[in-house]
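Notes follow once the structure below has been shown.
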Number of protein chains: 2
Amino acid sequence: MVTRGRAHGTRPAAAAAGRAADGAEEEAAETAAGGAAAGPLDSVLRPVRAGNGFEEALEQILQLLRLGLVPPGERLPSERELSQQLRISRVTLREALKVLQDQGMVESRRGRYGGTFVLPRTASPDGTGELRRRIAAVDVEDTLRFREVLEAGAAGLCAEGLTGDEEARLRGALDATRGARLEDYRRRDTLLHLTLAELSGSRTLAAQYAAVRATLNELLDCIPLLVRNLEHSQQQHAAVVEAVLDRDADAAREMMREHCGGTAALLRGFLA
Amino acid sequence: MVTRGRAHGTRPAAAAAGRAADGAEEEAAETAAGGAAAGPLDSVLRPVRAGNGFEEALEQILQLLRLGLVPPGERLPSERELSQQLRISRVTLREALKVLQDQGMVESRRGRYGGTFVLPRTASPDGTGELRRRIAAVDVEDTLRFREVLEAGAAGLCAEGLTGDEEARLRGALDATRGARLEDYRRRDTLLHLTLAELSGSRTLAAQYAAVRATLNELLDCIPLLVRNLEHSQQQHAAVVEAVLDRDADAAREMMREHCGGTAALLRGFLA
DNA sequence: GGCATAAGGTATGACAGAGAACCATTGCTT
DNA sequence: AAGCAATGGTTCTCTGTCATACCTTATGCC
């Protein structure tokens, strides 16, 4: 995730320069269709491994923290469990955890009922080298657009029908956002949206939303949170959930798009 | 992707049983919101590496083939290029290519202007062990839902405004589908949709669409292609592009959803 | 014909990561 | 107080992967 999109510069030109060994006719149609112009293979040929291996693990654990799935004070799964779930060795996992420890984000306690515990966010105006560099690498427009697509899609899918249990879960997540103090709001909000994504019936959608939302939260941490935005947000949440429960897919999508649009405008304004 | 959601059974219980070192009040709200019920960490804690390393490379090259980005008779990028783009060593890449060779999907020719060439699809009723196992592992509902979300979202985003060049590219991709023979239609169709995804302005969306479309094509290979479906499809393509060029986002999304719905119904019928 | 070039094919040494076993620490249970 | 169980901490070996260099083959150009 860190150093993507680098050192690709020379390849598309080389590919385009290749002599058309076979299918010259095809080649022409290709170019007309615009497929081959900017390297059509680029959508697929991303690096197989995004980093040093433990970097990827670090990324995923950071997602857990940024999504608030493991709130401050709580314990991460044990090293043995985590390493199994991430399919990496415990040694490699510990390398990632070491980074988080050094940054003061988690704390390890030994002994039974010990574990790796999440520490409260610190202002951390000191180093932040890691953090600031990450922010700079994020394609904000990509994030905002992709998020809107996933959210609206999830809302629409949910509106096509939930079981009683699922409806209750959604209502619960909405209610949880109501009484939230300001410092907790981001977390509950994230959980509500994540719930919607999970109830969409597409595991892939849920996983992708989790990823994009983690990035979004990171961006949101850069801008001030206003109570006014929060109240507006609340109303929109209620409207979305209501539309979903009413099986009104169009309304659900529309409301969700509006909701995302608000955040997007806020972020574009602050980061542009 | 293969063995997800296994051996997680004991973790949530253990977490819930942990003594609430901090925030006992929080804990209660959590459970009420339903967040902790089925392991909320599962959306994030997917395996860091999906396979033996070369398996991932194999997967991506298979995507190239399934998407028709490198049609039969054409040459893949050279081993040296491919290995650089995928960030794997040439040795590992060659392991992946070896598999494709053994399956009769590609052919390697030595010497200058040689390379790895894509062979025409064979009926391959022989082995197919690899293939059938993959199909069985696909979550069809996940694929169809996620696809619809991405397609509708991409259409909507494109309808919010394209440059002149982009419009031309889109029109070109649409035109390319018109004169296509039956055997080529799948490929041109894929390219059209892929173009729309790329023009959405979200690289992530484009990449995800490429992945889901590759899976979809694999599923589509299992069912017969009817000329009637094809004509209907053509009309819908035209309608979507028209809506996009008219900047009518709602219509574009709606048409695209309908279009995807058709394919989805077809697949659900055949595979259910 | 001969040479340069670009592609696939092969071999080797260094290192990261996996897997397993073990130690050290803590708190609950008896 | 003793023992047990679950956790973090450490060390070992072995396999897979990378990087690099070199060999072999086929084509175009002189």
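Since the structure is predicted, the reported quantities are computational estimates derived from the model, not experimental observations. Residue numbers start from 1 in every chain, and the chains themselves are labelled A, B, ... in the order their sequence lines are given, proteins ahead of strands.
Between the CZ atom of B:F54 and the P atom of D:dT15 there is a distance of 17 Å, given to the nearest Å. The interatomic distance linking B:L97 (CG) with C:dA7 (C1') rounds to 13 Å, in whole Å. One atom, CD of A:Q84, and another, P of D:dG8, lie 13 Å apart when rounded to the nearest Å. When the P atom of C:dG17 is taken as reference, atom CZ of A:R94 falls 15 Å away, rounded to whole Å. As a whole-Å value, the separation of B:R112 CZ from C:dA7 P is 8 Å. Spacing between atom CZ of B:F117 and atom C1' of C:dG8 amounts to 11 Å, rounded to whole angstrom units. Rounded to whole Å, the distance from CG on A:L76 to C1' on D:dT7 is 13 Å. Atom CZ in A:R109 sits about 16 Å away from atom C1' in C:dC28, given to the nearest Å.
Which of C:dC28, D:dT25, D:dA19 sits closest to the side chain of B:V91 comes down to D:dA19. You'll find that the side chain of B:R90 is closest to D:dA21, out of D:dA21, D:dG9, D:dG28. Comparing C:dA18, C:dG8, D:dG8 by their closest approach to the side chain of A:I88 singles out C:dA18. Ranking C:dG9, C:dC22, C:dG17 by closeness to the A:R80 side chain, first place goes to C:dC22. Side chain of B:E79, nearest nucleotide from C:dA18, C:dG9, D:dT7: C:dG9.
For the salt bridge (Lys or Arg N to Asp or Glu O under 4.0 Å) with B:E218, the lone residue among B:R121, B:R213, B:R186, B:R66 that qualifies is B:R66. For the pairing with B:E79, the salt bridge (Lys or Arg N to Asp or Glu O under 4.0 Å) check across B:R110, B:R90, B:K98 returns one residue only, B:R90.
Each of B:G115 and A:G111 was assigned the nucleotide of DNA chain C with the nearest heavy atom; the assignment lying further toward the 5' end belongs to B:G115. Residues B:T92 and A:T116 both approach DNA chain D. Their nearest nucleotides, taken by heavy-atom distance, put A:T116 toward the 5′ side.
Taking A:E166 as the reference, nothing meets the salt bridge (Lys or Arg N to Asp or Glu O under 4.0 Å) condition, with sequence neighbours excluded.
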| request: Output, in order, the C-alpha distance, side-chain angles, deciding distance and verdict of salt bridge (charged side-chain N to carboxylate O under 4.0 Å, His left out) for B:R169 and B:E198. | output: CA-CA 11 Å; B:R169 203 180 141 194; B:E198 280 173 17; 2.5 Å; yes
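Taking the ring centre of B:F117 as origin, the terminal cationic atom of B:R109 falls inside the region bounded by 6.0 Å and 45° from the ring axis.
Side-chain atoms of B:R110 and base atoms of D:dT24 include a donor and an acceptor less than 3.5 Å apart.
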